[in-house]
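Hydrogens, waters and symmetry mates are skipped; everything else that's a heavy atom, side chains included, is used. Note that the structure is predicted; figures quoted are calculated from it, not measured. Within every chain, numbering begins at 1; the chains are lettered A, B, ... in the order of the sequence lines, protein sequences first and strands thereafter.
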Amino acid sequence: MNPVNYLYLSALLFTIGATGVLIRRNAIVVFMCIELMLNACNLAFVVFSRMHGNLDGQIIAFFTMVVAAAEVVVGLAIIVSLFRTRHSASVDDASLMKL
Amino acid sequence: MENLIALLIAAPLLGAAVLLVGGRRLDAVGHWIGTLLSTTSFVFGVILFADLLGKDAEHRTLTQHLWTWISVGSFQADVTFRLDQLSMTFVLLITGVGSLIHLYSVGYMEHDERRRRFFGYLNLFLAAMLLLVLADNYLLLYVGWEGVGLASYLLIGFWQHKPSAATAAKKAFIVNRVGDMGLSIAIMLMFTTFGSFAFGPVFSHVGDTSEGKLTAIGLMLLLAACGKSAQVPLQSWLGDAMEGPTPVSALIHAATMVTAGVYLIVRSSAIFNAAPDAQLAVTVVGAVTLLFGAIVGCAKDDIKKALAGSTMSQIGYMVLAAGLGPIGYVFAIMHLVTHGFFKAGLFLGAGSVMHGMNDEVDMRRYGGLRKYMPITFITFGLGYLAIIGFPGLSGFFSKDKIIEAAFAKGGTEGWILGGAALLGAAITAFYMTRVMLMTFFGEKRWQPDENGNEPHPHESPKVMTIPMVVLAFGSVFAGGLFSFGDRFLDWLEPVTGHSEGDSPLSAGTVTGATMVCLLIGVGLAYAQYGRKPVPAVAPRGSLLTRAARRDLLQDDFNHVVLVRGGEHLTRSLVYVDHTLVDGVVNGTAATFGGLSGRLRKLQNGFARSYAVSMFGGAALLVAATLLMRAV
Amino acid sequence: MSPQLAAYTTSTGEAFQFWVLGTVAVIGALCTVFMRKAVHSALCLAGTMIILAVFYLANGAYFLGIVQIVVYTGAIMMLFLFVVMLVGVTAADSLKETIAGQRWLALLCGVGFGVLLFAGIANASLKEFAGTGKANANGNVEGLAALIFTKYVFAFEITGALLITAAVGAMVLTHRERTERARTQRELAEQRVREGKNVPPLPAPGVYARHNAVDIAGLLPDGTPSELTVSKTLRERGQVRDVSTEALNDLRALEQRAEERLERTEIEPANLKRAEEASK
């Protein structure tokens with residue numbers, strides 16, 4: 001097997017995650033789909049690292065994880081406060097920008 | 001020593017900031033703060049002057065680079081000051097006369113509630129004027145140029161509760177704007193022509209530039225000078241500017257700011273020397289203005305407006321001299337300095353008279369004041385003798401040189417210019433004698449004003465008379481001090497250059513002719529105003545007199561040609577705007593409005609819907625990238 | 001196996017692992033998207049992440065593999081579950097689409113994007129693999145550390161600042177400032193009395209003698225269930241068991257059995273069956 005298959009898997013997971021973001025209404029699930037996309041990217045980075053034979057790709061994946069952690073913390077806090085004020089975790093309910 | 005240059009400007013600037021920001025709690029001491037900082041600046045000026053005197057003539061240029069102001073590509077503007085003999089002369093004049101007038105204002109503005117603000121504006125003016133004369137490039141000069149315009153506007157309209165003062169301030173500001181536009185165009189032309197607007201590079205590149213471009217720059221600079229120095233055709237604001245407090249008229253509209261145009265022309269001497277057509281225009285403007293101002297000065301009954309006409313005329317002399325080229329530059333500046341002394345002294349005297357006469361300005365209501373105001377009479381009288389060119393006093397030396405230089409221009413031009421200058425000297429003698437006689441001699445003609453307050457003429461307090469005395473000393477001795485041994489010539493020559501020219505008349509002949517003109521002027525005035533009593537109400541007078549009372553119809557001309565013409569032009573433009581431009585614009589707007597009304601439906605407010613658009617966009621980008629790779 | 005060959009293919013073991021676990025990972029991802037309940041989605045996602053961790057290990061990223069399990073699956077996913085617990089189950093869980101055309105557009109974009117990505121990867125000439133053997137010669141963690149603390153030290157420091165900011169931000173966002181004093185029990189009781197509503201304690205859930213579970217509404221004297229007796233959370237989730245008809249059915253079954261014993265009438269199987277079912 002050629003390790004490039006990992007990249008196909010990564011692309012597949014990314015696409016599934018992106019589609020999930022678009023079709024799910026529950027903000028928490030949307031968030032999980034975003035995490036899935038980030039993980040798919042990380043897989044690609046790790047495989048790139050293996051391709052090039054240096055560790056820079058792994059470093060980037062590591063930073064992605066850190067940023068994802070920060071993002072999750074803030075994002076979940078936003079969801080909690082949103083739920084508290086609007087009693088809903090649906091992304092469709094946050095549509096005040098509409099006329 | 002260079003570092004002192006910035007302090008020259010910083011002191012009055014600090015004063016302006018403190019006084020204008022400080023608020024009411026500084027009301028009690030504000031005027032002394034202003035005077036102190038102005039004097040500080042003068043002391044710095046004297047120190048720098050002493051330093052310059054100690055150097056060789058070639059090394060008398062100091063520069064101080066503070067910081068780079070604008071740096072965009074080849075557009076480099078530095079905040080750099082340049083102190084050479086020319087700026088030094090101005091610095092001493094500005095800070096010296098300025099400090100004296102600060103001191104005078106302490107007394108003159110004593111009963112004004114807003115005295116602190118007045119001193120703040122005066123300090124602001126000093127800072128801007130110093131910036132103007134110390135700038136090392138035209139852009140920085142422009143900052144100062146606008147700064148003095150602002151200070152002038154604020155001070156003319158200082159008594160803004162009077163509609164006439166508010167209108168006069170606006171008039172001065174707007175007319176000055178026309179001139180300022182000339183300066184800004186000149187700066188732009190310089191940048192496109194020379195690639196710089198610093199004095200050094202501009203003057204050194206003059207040699208390899210076509211005469212046409214230099215003429216254009218010169219004419220624009222002349223326009224700027226006309227606006228600031230109240231030269232024909234932008235002269236109309238100066239008479240109305242007398243609405244400001246008298247110290248302002250003395251400092252800004254007689255001694256310093258209005259001479260900025262002369263400074264600009266002399267500073268740009270390298271450009272004018274290489275553009276004879278522009279020089280000719282300068283001389284014509286100067287000659288016309290010197291006669292124009294003098295004629296207006298003869299007809300005015302308002303003492304300050306008569307002096308304003310005189311100022312215009314005297315600056316006309318300076319501009320004429322500056323237009324003569326190297327023959328005249330030094331004398332333009334010399335006359336500028338002596339004029340600074342005697343005209344400021346005359347204005348302060350006029351202010352003193354008004355101070356004692358319940359702010360009456362009509363000379364027909366004065367008369368016989370010499371007994372009541374001896375110090376004012378003597379100082380005013382010395383200023384009077386100086387301005388008409390009485391032998392031995394300041395005006396004699398400087399004006400005489402200008403008349404000689406005008407003849408030395410040579411050819412027909414020389415005769416015409418010299419004749420105009422001579423005629424001007426006669427008229428000067430006439431109107432100044434008229435002012436003198438109507439104010440200090442003859443019967444007393446004052447009457448109670450509408451409130452029934454009889455004026456009680458009295459001498460002004462010491463704080464006002466001391467500056468007048470000092471200025472009177474300047475009016476008497478400055479000219480002699482400058483002329484003996486050609487001191488002033490030697491001092492300025494490294495900056496402006498000098499040549500003698502070939503006069504068709506000998507110096508003695510010119511002086512003699514001037515004396516004759518002087519006597520004719522004085523004699524005529526005496527015959528009309530000294531021998532006969534002055535009527536309390538102005539007689540109808542001849543056509544010329546009536547025109548001169550209306551400033552030779554300049555405002556009417558402006559109104560008919562510029563205002564009416566402008567209105568008609570505007571109306572037709574409005575019509576075009578409404579039908580053609582608005583039609584196109586509204587049509588476009590309606591088209592887009594309809595389109596967006598339909599497109600708006602895409603914006604349904606759901607975040608997920610927008611996410612689809614983003615994702616689709618990302619997909620398109622990937623597709624485009626792949627496509628470009630494939631191609 | 002020569003080194004040259006190793007650069008083109010992987011070992012059979014790894015290939016086997018990839019195909020098995022890769023399938024599971026894709027199924028997990030699909031489940032994450034399509035599971036109705038957020039809890040299930042979270043668990044599926046955790047599974048996918050663990051599989052990804054195994055892939056990291058297989059690709060020589062030992063440190064990342066462990067971090068993926070400890071930090072991602074262990075910490076972040078648990079944070080998700082925690083928030084799911086806080087928020088509870090909502091109507092947003094429904095998979096029914098409310099925006100017209102959204103689902104089809106999303107699928108179209110997703111498929112199109114996926115195809116493009118696949119095309120891009122296929123288009124790139126990724127035949128040669130250097131492998132991480134050389135880079136990991138001194139150990140994976142040491143190699144990463146050497147890079148992080150030299151080449152990427154500024155990025156590393158900035159991410160530290162980012163994490164602190166995120167922590168503070170989360171606290172600010174979730175912290176609720178109380179604008180008024182919390183009301184005491186006494187005040188609440190007084191308010192109830194003043195309003196004349198629910199003066200005694202709320203009625204207890206459950207039906208005495210037959211059911212005492214909290215998800216069963218208590219019956220009013222007329223036999224109708226009372227909403228008030230069941231916890232608000234269960235009510236909102238729609239997890240209340242309705243037993244209002246159950247008692248009647250039971251009663252009928254009892255009568256029937258009694259009559260049966262007394263041999264009065266024939267057995268009615270349908271009725272009985274329904275009753276039996278209901279009683280379960």
Side-chain angles (χ1 to χ4, degrees), chain A residues 1-9 11-20 22-29 31-33 35-36 39 43 46-47 49-56 58-59 61-63 65-70 72-74 76-81 83-84 88-90 92, chain C residues 8-10 15 18 22 25-26 29-30 32-33 38 41-42 45 48-49 52 55-56 59-61 64 67 71-72 76 79-80 83-84 86-87 90 92-93 98 103 106-107 110 113-114 117-118 121 126 129-132 134-135 143-144 147-148 152 155 159 162-163 166-167 169-170 173-174:
Chain A
M1 183 199 80
N2 190 321
V4 82
N5 285 346
Y6 283 115
L7 293 181
Y8 288 117
L9 175 65
L12 187 59
L13 291 181
F14 186 90
T15 314
I16 292 173
T19 315
L22 300 182
I23 61 181
R24 289 306 297 256
R25 269 182 298 159
N26 188 338
I28 303 174
V29 180
F31 229 117
M32 286 186 224
C33 292
E35 290 301 314
L36 184 61
N39 269 284
L43 178 63
V46 169
V47 176
S49 162
R50 186 185 188 185
M51 278 182 185
H52 292 290
N54 60 31
L55 295 179
D56 287 358
Q58 296 188 18
I59 299 274
F62 173 70
F63 282 133
M65 281 188 190
V66 178
V67 173
V72 164
V73 167
V74 176
L76 288 180
I78 291 175
I79 289 176
V80 167
S81 57
F83 181 74
R84 218 185 253 159
S88 157
S90 166
D92 285 358
Chain C
Y8 286 99
T9 66
T10 55
F18 174 80
V26 171
L30 287 173
T32 307
V33 175
S41 288
L45 183 62
T48 307
M49 283 179 174
L52 287 181
F55 285 160
Y56 292 174
N59 278 299
L64 281 185
V67 167
V71 174
Y72 243 119
I76 296 184
L79 197 59
F80 267 108
V83 173
V84 169
L86 274 183
V87 169
T90 64
D93 282 346
T98 47
R103 175 161 295 170
L107 282 178
F113 193 78
L117 278 187
F118 273 62
I121 296 170
L126 302 169
F129 271 68
T132 48
K134 205 169 160 192
L144 282 179
L147 272 177
I148 282 183
Y152 294 99
T159 45
L162 176 73
L163 277 178
L173 279 172
T174 49

Inset, instruction - Could you look at N54(A) and say if it's the side chain, the backbone, both or neither that has a heavy atom under 4.5 Å from chain C? - result: backbone
Legend entry - Region of A69(A) in contact with chain C, defined by heavy-atom distances below 4.5 Å: both
Legend entry - Atom pair CZ/CD1 of F80(C) and I28(A) - distance to nearest 0.5 Å: 8.5 Å
Legend entry - Between OH on residue Y152(C) and CZ on residue F63(A), distance to nearest 0.5 Å: 8.0 Å
Shortest non-hydrogen separation from [X] to [Y] and the atoms involved:
| X | Y | answer |
| --- | --- | --- |
| A11(A) | I121(C) | CB-CD1, 4.0 Å |
| A106(C) | L22(A) | CB-CB, 3.5 Å |
| A166(C) | V73(A) | O-CG1, 3.8 Å |
| F113(C) | T15(A) | CD2-OG1, 4.5 Å |
| V33(C) | C33(A) | CG2-SG, 4.0 Å |
| L117(C) | F14(A) | CD1-CD2, 4.3 Å |

Inset, instruction - In sequence, state the C-alpha distance, the side-chain angles, and the governing distance for F83(A) and L86(C), and then conclude on side chain to side chain contact (heavy atoms under 4.5 Å, CB included). - result: CA-CA 9 Å; F83(A) 181 74; L86(C) 274 183; over 6 Å; no
Inset, instruction - Anything under 30° is parallel, anything over 60° is perpendicular, the rest tilted; go ahead and classify F55(C) against Y6(A). - result: perpendicular
Inset, instruction - Pick one of side chain, backbone, both or neither for V71(C), based on which atoms fall under 4.5 Å of a heavy atom in chain A. - result: neither
Inset, instruction - Answer with side chain, backbone, both or neither: which region of F18(C) has an atom nearer than 4.5 Å to a non-hydrogen atom of chain A? - result: side chain
Specify which of [options] makes the most heavy-atom pairs with chain A at under 4.5 Å.
| options | value |
| --- | --- |
| L79(C), L173(C), L107(C), L162(C) | L173(C) |
| T174(C), N59(C), L144(C) | N59(C) |
| T32(C), T48(C), L147(C) | L147(C) |

Legend entry - Side chain to side chain, L13(A) and L52(C), heavy atoms closer than 4.5 Å: yes
Inset, instruction - Check whether the side chains of Y72(C) and E35(A) place a donor and an acceptor atom closer than 3.5 Å, and report yes or no. - result: yes
